[in-house]
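First up is the structure itself, then whatever we jot down about it.
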Amino acid sequence: MSLIQLQNVSKRYAEVTALDRVSVDVQTGEMLGIIGHSGAGKSTLLRMINGLEQPTDGEVFIRGKNIAHLSKSDLRKLRSKIGMIFQHFNLLSSRTVYQNIAFPMQIVGRKKSEIALRVEELLDRVGLTDKRNAYPSQLSGGQKQRVGIARALANQPQIVLCDEATSALDPATTDSILQLIQEINRETGITFVFITHEMSVVEKVCSHVAVLEAGNIVETGNVADVFSNPQHDVTQSFLGLKPKKGGDRNVS
Ligand SMILES: Nc1ncnc2c1ncn2[C@@H]1O[C@H](COP(=O)(O)OP(=O)(O)OP(=O)(O)O)[C@@H](O)[C@H]1O
Ligand SMILES: [Mg+2]
């Protein structure tokens, strides 16, 4: 059984079709990269997986369960087992590193002693033990994202969704964050869905890739196959094999 399965999922916002009959299968332990231009529908797709948005058409299954049929409390439980990592970190500025990591565990009502143990473990894992009492404004971008990663892992998720997790970071910091994420995937078997607009990110960490263009998945497969034999124009242009055309769908 797939861990995550989208079946013919469409999402329409008034006259915009953000996703057009998208089907995706993700197996446990995979690192799926979703690549596409701005406006392709990447963030919309990610929000379908944790039930933050409902499809206009089609179905989303997590471990074979249709999430549209979950009770409110089961949906809440499911969400607490799906971590999120954001481009702009989304840390609570009035809380310390320790408190930011503890926060998702407080929300689900875990015991203080249990939280303390888990935060220490996570601080150690992301290399921020000496920053436990710092505030986000006192951290570098890379350190902030390490807090974001620790927070995403706090409730022992089965899935972590990353929306442009490294897009605000310089290349060296990007590499160190990608390496940390890859180590965590290997150590824990957590499944990652990784949105990006850079093929180099997919190449460095992902096992599988889906190329999204104007709400459609135009190519998908394991990274080695897609990189060695890209079929679609969009994939080829992301790989630098074709001049870029089109580009952003959003004209602002
Ligand atoms: N809440 C919303 N209301 C109306 N339109 C929306 C909404 N969310 C997304 N859209 C539209 O749906 C399309 C896909 O948006 P989405 O945010 O998924 O793209 P994206 O691939 O994540 O882009 P980016 O790389 O810029 O983050 C866009 O045309 C966007 O304007
Ligand atoms: Mg987006």
Side-chain angles (χ1 to χ4, degrees), residues 4-24 26 31-60 62 67-68 75 79 82-91 141 144-145 148-149 152 159-171 174 177-178 181 192-206 208-220 223 226 230 232-240 242 244-252:
I4 305 167
Q5 189 174 35
L6 272 66
Q7 274 184 0
N8 288 314
V9 167
S10 295
K11 181 70 182 181
R12 284 183 288 275
Y13 297 105
E15 69 277 17
V16 179
T17 300
L19 293 176
D20 185 15
R21 282 162 292 167
V22 165
S23 295
V24 183
V26 188
M31 286 265 236
L32 172 67
I34 296 174
I35 187 161
H37 294 119
S38 185
K42 305 181 296 295
S43 298
T44 304
L45 198 161
L46 215 60
R47 290 197 300 267
M48 297 286 156
I49 297 173
N50 60 7
L52 275 182
E53 298 261 18
Q54 272 75 51
T56 315
D57 275 307
E59 265 107 41
V60 180
I62 306 287
I67 66 171
L75 188 60
R79 280 212 195 111
I82 301 181
M84 288 253 352
I85 301 174
F86 304 92
Q87 178 176 3
H88 298 294
F89 324 118
N90 296 18
L91 303 178
K144 283 183 205 168
Q145 198 55 299
I149 292 168
I159 300 168
V160 173
L161 307 176
C162 310
D163 198 345
E164 304 274 3
T166 58
S167 300
L169 305 173
D170 65 50
T174 292
I177 292 294
L178 292 177
I181 289 175
F192 283 80
V193 182
F194 216 99
I195 283 183
T196 180
H197 56 263
E198 286 174 284
M199 260 320 193
S200 62
V201 169
V202 174
E203 187 177 18
K204 277 173 196 151
V205 293
C206 294
H208 293 74
V209 60
V211 183
L212 197 60
E213 171 78 352
N216 292 286
I217 291 185
V218 296
E219 186 156 3
T220 181
V223 165
V226 171
H232 198 279
D233 280 3
V234 176
T235 317
Q236 291 171 3
S237 88
F238 271 117
L239 286 167
K242 280 223 157 152
K244 286 208 166 106
K245 54 176 184 195
D248 293 0
R249 244 173 114 206
N250 287 338
V251 181
S252 49

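Only this structure's heavy atoms are used, side chains among them; waters, hydrogens and symmetry mates stay out. Read the numbers this way: they start at 1 and go in the same order the structure lists the ligands and their atoms.
A 4.5 Å side-chain heavy-atom check between Ile4 and Leu6 finds at least one atom pair inside the cut-off. Put simply, the side chain of His37 reaches to within 4.5 Å of the side chain of Phe238, judged on heavy atoms. Val201 is listed as a side-chain neighbour of Leu178, based on a closest heavy-atom distance under 4.5 Å.
In terms of heavy-atom proximity, Ile195 sits nearest to Ser43 at CD1-N, 3.7 Å. Counting all heavy atoms, side chain and backbone alike, Ile67 lies closest to Ile49 at CD1-O, 4.1 Å.
Taking SG of Cys162 as the reference point, atom CE of Met31 lies at 7.5 Å (rounded to 0.5 Å). Taken from CD1 in Ile34 to NZ in Lys42, the straight-line distance is 9.5 Å, to the nearest 0.5 Å.
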* To do: Could you check Leu46 against Met84 for side chain to side chain contact (heavy atoms under 4.5 Å, CB included), going step by step and ending with a plain yes or no?
  => CA-CA 10 Å; Leu46 215 60; Met84 288 253 352; 4.3 Å; yes
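Checked against a 3.5 angstrom limit, the closest N/O atoms of Ser38 and ligand 1 fall inside it. For a threshold of 3.5 Å applied to N or O pairs, the pair formed by Ala40 and ligand 1 contains at least one separation below that value. Ligand 1 has an N or O atom lying under 3.5 Å from an N or O atom of Lys42, backbone or side chain.
Neither the backbone nor the side chain of His197 comes within 4.0 Å of ligand 1, counting heavy atoms alone.
Taking every non-hydrogen atom of Val16 and a distance limit under 4.0 Å, the qualifying atoms of ligand 1 come out as 11 (C), 12 (O), 29 (O).
Here the protein contributes Ser43 OG as N, O or S atoms under 2.8 Å from the Mg ion (ligand 2).
At least one heavy atom of His37 sits closer than 4.0 Å to an atom of ligand 1. Heavy-atom distances between Gly36 and ligand 1 stay at or above 4.0 Å for every pair. Ligand 1 lies within reach of Arg47, whose nearest heavy atom is under 4.0 Å from it.
Partners of Arg12 under the side chain to side chain contact (heavy atoms under 4.5 Å, CB included) rule, at least two apart in sequence or in another chain, are Ser10, Thr17, Thr56, Asp57.
Between the side chains of Gln7 and Ser23, no donor-acceptor pair is found at a separation under 3.5 Å.
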